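Since we're looking at a predicted model, the values are computed, not measured. Residue numbers count from 1 along this sequence.
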Amino acid sequence: MTKAWGFLAGLAALLALGTARAETPPEPAYVIIPETLELAATGYTFTEGPAWDGARLIFSDIPGDTVYVLTPGEGAPRVLYTPSANANGHTFDREGRLLNAEHGSAEITRWTAQEGRTTIVVAYQGKRLNSPNDVVVRSDGLILFTDPPYGLGQRASEVGFSGVFALDEASGRMVLIDDALSRPNGLALSPDEKVLYVGDTATQTLWAYDLAADGTASGKRLVVDVTDESKPGRVDGVRVDTEGRVWFTCPGGICVADPAQGLVTDRLATPKRATNLAWGGPDLSELYITALTDVYRVKTRAKGIGSSSR
């Protein structure tokens with residue numbers, strides 16, 4: 001009888017061990033290769049708006065009122081155009097033309113070398129926008145952008161809120177997605193373009209919305225809250241990789257979140273406060289990071305996706 005009880009006790013212990021192992025969460029999928037972090041450009045006032053056109057990185061120096069282009073292997077960045085109306089975020093439309101979110105003009109514009117800047121939108125319901133901050137384009141051409149008050153200066157807000165908008169350029173129809181975020185900033189679409197992610201700089205949070213074909217949104221939900229006042233940096237730029245992970249600037253540098261789990265799964269500490277990020281490189285596995293006076297580059301085990309990565 002004693003042997004039988006001993007056998008049963010041992011079996012129970014093995015089953016308990018197996019259950020414990022089964023319940024142990026998997027190791028985080030580390031996708032950043034931190035030892036590859038390098039300085040790509042320096043000497044600016046406040047860098048922002050990185051976007052990759054397939055061969056080159058476009059970025060802004062907002063106070064410098066200039067947009068630059070960095071071609072890997074060709075030395076220092078050169079001026080793409082100036083003045084830039086204090087352009088902030090950049091992306092590309094379906095034809096590969098550069099779109100800009102401009103602080104100085106309060107406009108979303110398009111720029112080409114042949115035609116220069118042309119206005120896409122400057123108002124919502126007849127009221128001038130605050131200061132568009134970042135912009136992305138869905139594969140069907142729908143333009144999505146954020147409009148916090150950072151570039152207002154002494155000008156009073158006409159719309160009266162910080163907005164997240166969708167614009168059908170062909171019809172001129174604008175949809176107000178959200179007017180309740182304190183400081184909506186970076187934004188990105190999921191790989192299937194059915195979810196829109198938006199960062200709120202003021203509250204250090206990342207939000208998700210279900211995005212319909214007509215640009216309306218529903219199901220607003222919190223993805224992660226990364227509040228940490230002990231480290232420099234805020235939730236600002238947002239990007240997505242082909243696996244659906246969300247990459248965004250956060251206190252201390254860069255965070256990678258799994259939206260299904262609502263968890264930060266990887267981080268990168270940056271030498272200076274990160275302001276935005278963009279995929280680049282031949283296979284979109286390199287991450288470019290704007291950080292105050294600098295632009296950095298780091299290799300990853302992921303591949304980027306989105307209209308800022310043509």
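- For E243 and R245, the salt-bridge test fails: no basic side-chain N is under 4.0 Å from an acidic carboxylate O.
- The only option from D93, N100, T119 that meets the side chain to side chain donor-acceptor pair (under 3.5 Å) definition with R110 turns out to be D93.
- Note on K220 versus D210: no salt bridge recorded, every NZ/NE/NH1/NH2 to OD/OE distance being 4.0 Å or above.
- Aromatic rings from Y288 and F59 are positioned such that their centres are separated by 6.0 Å or more.
- Salt bridge annotation for D53-R310: absent, with no cationic side-chain nitrogen under 4.0 angstrom from a carboxylate oxygen.
- Between Y197 and W207, a ring centre-to-centre spacing not shorter than 6.0 Å is recorded.
- The pair E38-K299 does not count as a salt bridge, with every side-chain nitrogen at least 4.0 angstrom from each carboxylate oxygen.
- With a 4.5 Å cut-off on side-chain heavy atoms, I289 and V298 count as touching.
- Ring pair Y124/F165: centre-to-centre distance below 6.0 Å.
- Between E286 and K303 there is no salt bridge, since no side-chain nitrogen of the basic residue lies less than 4.0 Å from a carboxylate oxygen of the acidic one.
- Side chains of V264 and V256 form no contact here, defined as non-hydrogen atoms less than 4.5 Å apart.
- Side chains of D65 and S84: a donor-acceptor N/O pair is present below 3.5 angstrom, by distance only.
- One side chain, S308 or R239, offers a donor N or O that lies under 3.5 Å from an acceptor on the other.
- T275 and D236 share no donor-acceptor pair across their side chains, judged by distance under 3.5 Å alone.
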